[in-house]
Q: 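What follows is a single structure, and I will ask about it in a moment.
All values reported here derive from a predicted model rather than from experimental measurement. We count residues from 1, following the sequence as given. Order of appearance sets the numbers: ligands from 1, and atoms from 1 within every ligand.
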Amino acid sequence: MNKSEKKIPIAILGATGSVGQKFVQLLANHPWFEVNELCASDKSAGKKYKDAVDWFLPSPFPERVGEILVQKCEPKLKSKVVFSGLDSNVAGEIEAEFAKAGYKVISNSKNHRMDEDVPLLIPEVNPDHLELIKTQRYGEGCIVTNPNCSVIGLVLALKPLLDNFGLESVNVVTMQAISGAGHPRVVNLDIEDNVIPFIGGEEQKIESEPLKILGQLNKTEIHFNNFKISAQCNRVNVTDGHTECVQVNLKKKVSAEEIIHVWNNYISEPQKLQLPLAPNKPIHYSEDAAFPQPKHQRDTDKGMAVSIGRLRKDKIFDFSFVILSHNTVRGAAGGAILCAELMKAKGII
Ligand code: NAP
């Protein structure tokens, strides 16, 4: 986009929530998109954003955005591009209404992720799946979804392994940050001095979404991949950044050096297109035996990269390793913005 072109006005549904706030923050100085309208529940509608939001991010929201009047989530907006960070109890219906009314919806919620005609998009991994929207049921409008926050980091790490060595099976144990559970001041997780070995619905998402994302596009449908995935999920007392201990069986016999080589050299379409929020390198491998750690690596490459470390031979699987990615940046708002950037670069918005 050249400097004389006007920015594209966008709206945020669920603008007051945890993901909504991250959208506001990440879009504050975006070169292509400008926050124009904000929507939330009836309790927030009619108030200025600064009065409706219980802002908890360390940097303040832009003054201009604070003055915007929050609206109800109804498809009567001027902005034709809509980011959704809506509560999944309401996201399904509201997002479909917007798409039917001709809006381009980029969603973080789980509701439409597994719909047959909806891309479940990681711009580095399956940019071709955007083709699905050409035959999507919504006509001018569309829904594009961002995967689950743990899935994005995991799939970024798996994609070069699948392409180069083939994948037989994956076992993953997650340690997920508190910010993944919504607004920190309204979340009561009994998390102090604790680990909670249950996150509702999370294991099912991790065991199913990668198979769609890493599936093959065949004209108007995705043929799911069929390697096996087993997941166990835990909530831990970390503010931001999901850590995942992963074990894999590969189809080919390879050395650790070969795996590190393909991770280190992995770049894809967002990097080639130089999309504004694309990380320079989607994967950063650390040789330090004590890394990755959320406190030190969650913000790597604008918070948009996955950090990997501790690759080693495993006694049951072929290899074990540890990954870390920022759950509200790469795993939510940042990932959705990157999807919209790819859509803009492809002329869809
Ligand atoms: P959250 O903090 O609870 O925010 C939910 C938002 O939805 C708020 O803006 C809320 O508005 C709005 N809302 C609630 N009920 C509504 C209704 N009936 N009509 C219209 N708006 C309504 O949740 P969150 O953590 O940001 O998550 C949002 C979505 O993103 C969820 O589907 C979640 O699963 C997904 N997600 C979250 C993360 C993460 O790391 N947090 C990562 C990936 C995906 P009010 O303030 O007015 O109530």
Q: Using a heavy-atom cut-off of under 4.0 Å, does the side chain or the backbone of Ser179 touch ligand 1, or both, or neither?
A: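 For Ser179, the contact with ligand 1 is made by the backbone alone.
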Q: Would you please test Val322 and Phe291 for side chain to side chain contact (heavy atoms under 4.5 Å, CB included) and show each step?
A: CA-CA 8 Å; Val322 180; Phe291 282 158; over 6 Å; no
Q: Looking at every non-hydrogen atom in both residues, tell me the closest pair between Cys73 and Ala40 and how far apart they are.
A: SG-O, 3.6 Å
Q: Can you sort out the partners of Ser268 under side chain to side chain contact (heavy atoms under 4.5 Å, CB included), two or more places apart, ordered by chain and number?
A: Glu124, Tyr266, Pro270, Gln271
Q: Tell me the closest heavy-atom pair linking Ile191 and Ile196, and the distance in Å.
A: CD1-CD1, 4.0 Å
Q: If you compare all heavy atoms of Thr174 against all heavy atoms of Cys233, which two are closest, and at what distance to 0.1 Å?
A: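 Thr174 and Cys233 have their closest heavy atoms at OG1-CA, 3.1 Å.
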Q: Thr328 heavy atoms, cut-off 4.0 Å: which ligand 1 atoms fall inside?
A: 40 (O)
Q: Please confirm whether Lys43 approaches ligand 1 to less than 4.0 Å, judged on its heavy atoms.
A: yes
Q: Give the atoms of ligand 1, by number and element, whose distance to some non-hydrogen atom of Cys73 is under 4.0 Å.
A: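 Listed by number with element, the hits are 20 (C).
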Q: Should you measure from each heavy atom of Ser109, which atoms of ligand 1 turn up under 4.0 Å away?
A: 29 (C), 32 (O)
Q: Do any nitrogen or oxygen atoms of Gly14 come within less than 3.5 Å of a nitrogen or oxygen of ligand 1?
A: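 Yes.
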Q: Which heavy atom of Ile348 sits nearest a heavy atom of Lys104, and at what distance?
A: O-CE, 3.4 Å
Q: Tell me the closest heavy-atom pair linking Ile308 and Ile283, and the distance in Å.
A: CD1-CG2, 3.5 Å
Q: Which ligand 1 atoms does Gly85 reach within 4.0 Å, using its non-hydrogen atoms?
A: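 With Gly85 as reference, the close atoms of ligand 1 come out as 5 (C), 6 (C), 28 (C), 29 (C).
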Q: May I ask you to list the atoms of ligand 1 that are less than 4.0 angstrom from any heavy atom of Ala332?
A: 42 (C), 43 (C)
Q: What are the two closest non-hydrogen atoms of Phe317 and Ser169, and how far apart are they?
A: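 What the structure gives for the nearest pair is CE2-OG, 4.0 Å.
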Q: Show me which atoms of ligand 1 lie under 4.0 Å from any heavy atom of Val90.
A: 16 (C), 17 (C), 18 (N)
Q: Please work out which of Thr145, Leu86, Asn111 has its closest non-hydrogen atom nearest to atom 29 (C) of ligand 1.
A: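 Residue with the shortest heavy-atom distance to the ligand atom: Leu86.
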Q: If you measure from each heavy atom of Gly331 to ligand 1, is any distance below 4.0 Å?
A: yes
Q: Only heavy atoms of Thr16, strictly under 4.0 Å: list the atoms of ligand 1 that pass.
A: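 Under 4.0 Å from Thr16, ligand 1 has these atoms: 8 (C), 9 (O), 10 (C), 11 (O), 45 (P), 46 (O), 47 (O).
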